[in-house]
S.K.: 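Before I ask anything, let me first share the structure, which is written out below as structure tokens.
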Amino acid sequence: MTRPRTTDDARVETGRLSIRLVHEPIDVAEAAAFLADPRAGGLDLFIGTTRRWTGDAETLELSYECYAPMAVKEMRRLAEEAMARWPLVRACIRHRLGTVPPAEASVLIGVAAPHRAEAFEACRFLIDRLKRQAPIWKREAYADGRLEWVQGERPPDLPGLDTGS
Amino acid sequence: MTRPRTTDDARVETGRLSIRLVHEPIDVAEAAAFLADPRAGGLDLFIGTTRRWTGDAETLELSYECYAPMAVKEMRRLAEEAMARWPLVRACIRHRLGTVPPAEASVLIGVAAPHRAEAFEACRFLIDRLKRQAPIWKREAYADGRLEWVQGERPPDLPGLDTGS
Amino acid sequence: MNDETTNGALRVRVLVFSILREKMGCDALTVALDAPATGADLLDRLERDHPALRAFRPVVRLAVNQTYAPETTALAEGDEVALITPVSGG
Amino acid sequence: MNDETTNGALRVRVLVFSILREKMGCDALTVALDAPATGADLLDRLERDHPALRAFRPVVRLAVNQTYAPETTALAEGDEVALITPVSGG
């Protein structure tokens, strides 16, 4: 449970917050162990994975590109916002970069809260905002040979503007 | 991923559903691995843990008593109801029995769905219903020596009655 | 407790858990009832023999053969009937 | 692209990602602007040199020194400005 407090281009580690960009498979057990806390009554972990089929298109793999130092800062800002809105005792975010095969996790959001309602709400908030705000882009490699950058449905929010969530 | 299809007093294993009563620590990585599926876009895992403090009372440990064959049946019924309401591709439930120290998991609900909204909703539904319906009882051992059965706030729902959720 | 089966009688197996088990001082018992009998008849009978049940009666639910069932359910010979106080799993 | 600093000019470092990187054929560049200059001035200038940017202009957001900032933001010498098309992480 004791980790050095670090902030660099790929991670933030404080006592209550752990954010990492990783190039290997996301370790779910490690995230759950980080979240365990005697003040917590409920943990919620969301794990985003790659669907093989989107309509008729078969995805062979995804790859993620990232503006790393800003992504880490933005995820930290979102986590701190969640910690201010809900009484979270811990939160962690993992995002994988590079190539991700189908069914493997590309993102993990984990929160620990005294009660379950808060855990669900904060976890949902974090994944929704991360998908809007974190400067990370996904490229799908389809079975028919196409390589396609996935474009988000809406641009990220600017500071001070309504977030529309 | 291939498990024998079994149903006994302590577990149900079908291809898409895995329900177990366990006496050892809940294995989060095993549950996440069971849920991984190329049809899934989002997994949500809820983990219930023991808070050390409830107001001024310090909990040293919990212990769980269970009407095992009915608990397994009821959890299966709830999981099948969730699978009928949301397009889940997989679901798993683990409930620990016997003594559970603070910060360890007593229950895990995991669902895999094509999209995240469904995963969050189904997971929330399952933990809320499990806490109302599964014939399992928790006893708190407090630091002052008291042993106290926790009584749920409402009786379980009977078939055909509105569930009030 | 009456263990003899008489003509027109039925026997059910009753299971009791957690706080009710402690208050009643018993985790399982066999009860003979005059047929026909419902879940409510069983509860009335149990309450007579185990007054500790009275305080829980408003919140007790029955499970007959491992499924929740209303008190109006007709019981049959050999049924397994569990008394379920408000649960607290999770 | 003008790499010379003139009097009253400022230089910013521009970062480009994903589809815009591919369309513009460039992932980083240094741009000199007449001071004072805003994010909008930078985008106008980039659009002139890289017409591929035009189609993305309505959905591009700027990040100045790793924080989202409106196009009205005044730029300063040495700023790191990223062009952020709608993101798709997660």
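Below, chains carry the letters A, B, ... as their sequence lines are ordered, and counting in each starts from 1.
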S.K.: Verify the distance criterion only: is there a donor paired with an acceptor across the side chains of C:S88 and B:W149 at less than 3.5 Å?
M.R.: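 Result is no, nothing qualifies.
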S.K.: What part of C:I19 is in contact with chain B, defined as an atom under 4.5 angstrom from a non-hydrogen atom: side chain, backbone, both or neither?
M.R.: both
S.K.: Is it the backbone or the side chain of B:Q133 that comes under 4.5 Å from a heavy atom of chain C, or both, or neither?
M.R.: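 Both parts, backbone and side chain.
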S.K.: Can a donor-acceptor pair be found, under 3.5 Å and without considering hydrogens, that links the side chain of B:Y64 to the backbone of C:G90?
M.R.: yes
S.K.: Please determine whether the number of non-hydrogen atoms from other residues, nucleotides or ligands lying under 6.0 Å from atom CD of B:E153 exceeds 12.
M.R.: no
S.K.: Which heavy atom of B:P135 sits nearest a heavy atom of C:I84, and at what distance?
M.R.: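 Nearest heavy atoms, B:P135 then C:I84: CB-CD1, 4.0 Å.
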S.K.: Might you point out which heavy atoms bring B:R132 and C:V87 nearest each other, and give the distance in Å?
M.R.: O-CG2, 3.3 Å
S.K.: Where does B:E65 contact chain C at under 4.5 Å (heavy atoms): side chain, backbone, both or neither?
M.R.: side chain
S.K.: On a heavy-atom basis, which atom in C:R61 and which in B:P155 lie closest, and how many Å separate them?
M.R.: NH2-CG, 3.5 Å
S.K.: Could you give the distance from CG (B:D9) to CD (C:Q66), rounded to the nearest 0.5 Å?
M.R.: 7.0 Å
S.K.: Look at C:G89, C:A82, C:S18 and state which one has the largest set of heavy-atom pairs under 4.5 Å with chain B.
M.R.: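 Between C:G89, C:A82, C:S18, the count favours C:S18.
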S.K.: Can you tell me how far the CE atom of B:M70 sits from the CZ atom of C:F17, to the nearest 0.5 Å?
M.R.: 9.0 Å
S.K.: Out of B:A134, B:A105, B:C66, return the one with the most heavy atom pairs under 4.5 angstrom to chain C.
M.R.: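 Highest number of heavy-atom pairs under 4.5 Å: B:A134.
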S.K.: Please find the pair of heavy atoms, one from C:N65 and one from B:K73, that lie closest to each other, and give the distance.
M.R.: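 Looking at all heavy atoms of both residues, the closest pair is O-NZ, 3.8 Å.
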S.K.: Less than 4.5 Å apart, any side-chain heavy atom of C:R21 and any of B:W137?
M.R.: no
S.K.: Could you tell me which non-hydrogen atom of C:E22 sits nearest to which non-hydrogen atom of B:R139, and how far apart they are?
M.R.: OE2-NH1, 4.5 Å
